[in-house]
There are 4 protein chains.
Amino acid sequence: MQANKKEQIRETAIRVFAARGFHYSTTDRIAEEAGVSVGTIYNYFRNKEAILEYIFQVELEKRQQFFASLEGDQRPVRQLLTDFLRMHFQAILDHPDVGQILIRERHFPQLETLDFVVQFIQGVPQTIAALLEKAVAGKQIRPCQTAVVAAALFGAVEGVVREAMLRSDHAERDAILRRAPEELVTLFFQGLEP
Amino acid sequence: MQANKKEQIRETAIRVFAARGFHYSTTDRIAEEAGVSVGTIYNYFRNKEAILEYIFQVELEKRQQFFASLEGDQRPVRQLLTDFLRMHFQAILDHPDVGQILIRERHFPQLETLDFVVQFIQGVPQTIAALLEKAVAGKQIRPCQTAVVAAALFGAVEGVVREAMLRSDHAERDAILRRAPEELVTLFFQGLEP
Amino acid sequence: MQANKKEQIRETAIRVFAARGFHYSTTDRIAEEAGVSVGTIYNYFRNKEAILEYIFQVELEKRQQFFASLEGDQRPVRQLLTDFLRMHFQAILDHPDVGQILIRERHFPQLETLDFVVQFIQGVPQTIAALLEKAVAGKQIRPCQTAVVAAALFGAVEGVVREAMLRSDHAERDAILRRAPEELVTLFFQGLEP
Amino acid sequence: MQANKKEQIRETAIRVFAARGFHYSTTDRIAEEAGVSVGTIYNYFRNKEAILEYIFQVELEKRQQFFASLEGDQRPVRQLLTDFLRMHFQAILDHPDVGQILIRERHFPQLETLDFVVQFIQGVPQTIAALLEKAVAGKQIRPCQTAVVAAALFGAVEGVVREAMLRSDHAERDAILRRAPEELVTLFFQGLEP
DNA sequence: AATGAATGAGCTTTCATTCAT
DNA sequence: TATGAATGAAAGCTCATTCAT
């Protein structure tokens, strides 16, 4: 029941933050929509910011678990990267609200100093950079500043998500998100051909 | 003197917003740092948001002027795009605070509905998309969803800027930003080769 | 077991109130330190104030029992008063936390209306006044406003306790408290010599 | 006008704190009774506690100024002390609410650490102790632990004020306060006769 | 045009108390 | 009897905005 309630608050907060933005969302509103009292929120979260932190934390852990499951995977780097992007875009397809928040509130000043947010923002590109490193070593791609290219890829992913989110036509939006992994991997791997 | 004061407030606000984020910046603070009284701010701006709007407006106009100056330029698309990215990265090198705000406050809910912010956020990628369109027509690159690719490029630019900003070594940071226009154009044009 | 638990809560509350002050002590904290749940507190006490009331009640009863034991004691008033002050100072030496609370929370608005607190705050001086009355009748001291003098003596006791508590050197502190009963009685009886 | 408003808030707060106690007084209530808005309070005071601090500060400064004016006064110590007590009791006669607060909120945990409160609670007795020291040197009183006696006198003063404040009959109350200085000085000086 | 004291709606947060288990 | 999650009234405080000077 406990974990349930925290989860219930998290999910409601995602909806509310996505609709209004963190700073225009009130704890009263979250409580009301979650069907609990304000006090209950504070039984599970230190303060309002902690809710946002938790949302990020959950998402980060999903990505990390995925990376962990890739350990020892012998398929070509291109394949692994495609898989990761598929997972990422699929997560956003499943919960567009989370995507909205991840993009919108990422630059939230207090968040930027939090360990797991730093890990998310730096950690994910670092893992991508490590994959690119392997691809360079395997001569699948030409030598390059892998950290910079990884950052570019990470940014490109964000840009495509943003572009997709702007579409009011849901079918169109989903189409972009669904095709994105292959297109981006193709674009980057062809762009990096030796 | 008038225009001067509005400019003075805009510049101070850039500094304050960049340091703290829009929502954690107070009008009192801006007034104090600008050496004017709060009341004066309201003689030049409808409200606090209007200051942010104005900051975006000024930046947007700079980009638009650059695009206007490109009108009729007959050089290859690749050349034009490189020039634009050079200008953009140079602007960020010159005023990192503005870059910070453009990235951070872009997703500000009330801003997203404002015409010239929409123009900035959509307009810049749209211009890039238009250039890509021309390149496709000229068979310099393969057919693609130009809007999505433009968004990816725009995002990649942002990602590289962010990566550069993380470096504590200034020389290294500047080196990345200086090389970035060519590298990104090369990456994308090779990636889009027919 | 019952009486035990109530006692356990009372003792913990004394520690907590003394350390933080009544208003900055939470029921959660008391429960935690007492090793019971908040709910349990409310099985023994009507509300938070009732805990404070009970603390006062227990202390008052101790004083009253002492007075009762003095009934019929034929020794000179000066002797009786000295004994009472000895008992009082000893009680504070034994439980400085209780002394702290008795002094600090005495002026608590809701407490001031409670019968047994009124009895404590007025009752102790009244008993002193009664003893002084007897001394006046016996011509051991000159006629005076006994209520006012009793209040002065009661206040003086408090002042000396406070002064003693300020000393960081424990030996010094204890020395003051040990000598205090005689010194105060001497001071006041000499001051009231006929 | 500025100083006026701070003064206006201070005076209202004295009335409100005296009637209800600090912890049961709300900033809204003070604002309402002072005829200003809550925001205005916070233009003059850091927070609610700062109002209480200021009340203490003003009273302490009055006492200190009085002591300063005594510098170089050649009259006998007994006379000086009587004068000081007269001033003190007169101040309480003039503003019984202040007296109430001085006694009730003195033990307020956050106040106890403030420099000027420490100065008040320790400083006033120290000045008294210094006067007693002079009286001992001049053989007007017998040798004694002047610090302890000063604490006792300070406490006795408080006790008498408290006793007076308990009287519902104002005439009676004022009578006690008016007679107190002479009575206490007589009591103590006779009690300390060599 | 410039000022800055005054405003008060509105927010986050706390915590004594309850009650279903 | 004991529990402790849930409650929600109530409080302190902030800060964008106004307007008399």
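Naming convention: chains lettered A, B, ... in sequence-line order (proteins, then strands); numbering from 1 in each chain. Values below: all heavy atoms of this structure, side chains included; hydrogens, waters and symmetry mates excluded.
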inquiry  = In this structure, how many angstroms lie between the P atom of F/dT7 and the CD atom of A/Glu32, rounded?
reply    =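 Distance check: A/Glu32 CD to F/dT7 P gives 13 Å.
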Nearest-angstrom distance from the residue atom OH of D/Tyr44 to P of E/dG4 =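 D/Tyr44 atom OH is separated from E/dG4 atom P by 13 Å.
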query = Which dot-bracket string fits DNA chain F when only Watson-Crick or G-U wobble pairs with both atom distances under 3.5 Å count, crossing pairs get [ ], and | stands for a partner on a different strand?
reply = .||||||||||||||||||||
message = Please find the pair of heavy atoms, one from D/Ser25 and one from D/Gly21, that lie closest to each other, and give the distance.
response =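 Nearest heavy atoms, D/Ser25 then D/Gly21: OG-O, 2.7 Å.
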note = Expected string for nucleotides 14-21 of chain F under the B/S/- scheme (protein heavy atoms, under 4.0 Å, primed atoms plus P, OP1, OP2 as sugar-phosphate) is BSBBB---
inquiry  = Which residues pass the ring pair (Phe, Tyr, Trp, His ring centres under 6.0 Å) test with D/Phe45, not counting sequence neighbours?
reply    =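 Once residues adjacent in sequence are excluded, the partners of D/Phe45 under the ring pair (Phe, Tyr, Trp, His ring centres under 6.0 Å) criterion are D/Tyr54.
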message = Under the rule for ring pair (Phe, Tyr, Trp, His ring centres under 6.0 Å), what residues qualify as partners of C/His23, not counting sequence neighbours?
response =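 Only C/Phe108, D/His23, D/Tyr24 meet the ring pair (Phe, Tyr, Trp, His ring centres under 6.0 Å) criterion with C/His23.
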message = Donor-acceptor check, side chain of B/Arg104 to backbone of B/Ala18, threshold 3.5 angstrom: yes or no?
response =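 Yes, because the side chain of B/Arg104 sits within donor-acceptor range (under 3.5 Å) of the backbone of B/Ala18.
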request  = Please tell me which of A/Ile41 and C/Gly35 maps to the more 5' nucleotide of DNA chain F, matching each residue to the nucleotide holding its nearest heavy atom.
outcome  =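 Comparing both residues, the 5'-ward one is C/Gly35.
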Cation-aromatic face contact D/Lys48/D/Phe17, 6.0 Å, 45 degrees =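 No, D/Lys48 and D/Phe17 do not form such a contact.
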inquiry  = For C/Arg20, give me all partners under salt bridge (charged side-chain N to carboxylate O under 4.0 Å, His left out), at least two apart in sequence or on another chain.
reply    =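 Applying salt bridge (charged side-chain N to carboxylate O under 4.0 Å, His left out) to C/Arg20 gives none.
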With D/Glu32 via side chain to side chain contact (heavy atoms under 4.5 Å, CB included) - residues at least two apart =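 Checked D/Glu32 against side chain to side chain contact (heavy atoms under 4.5 Å, CB included); zero matches.
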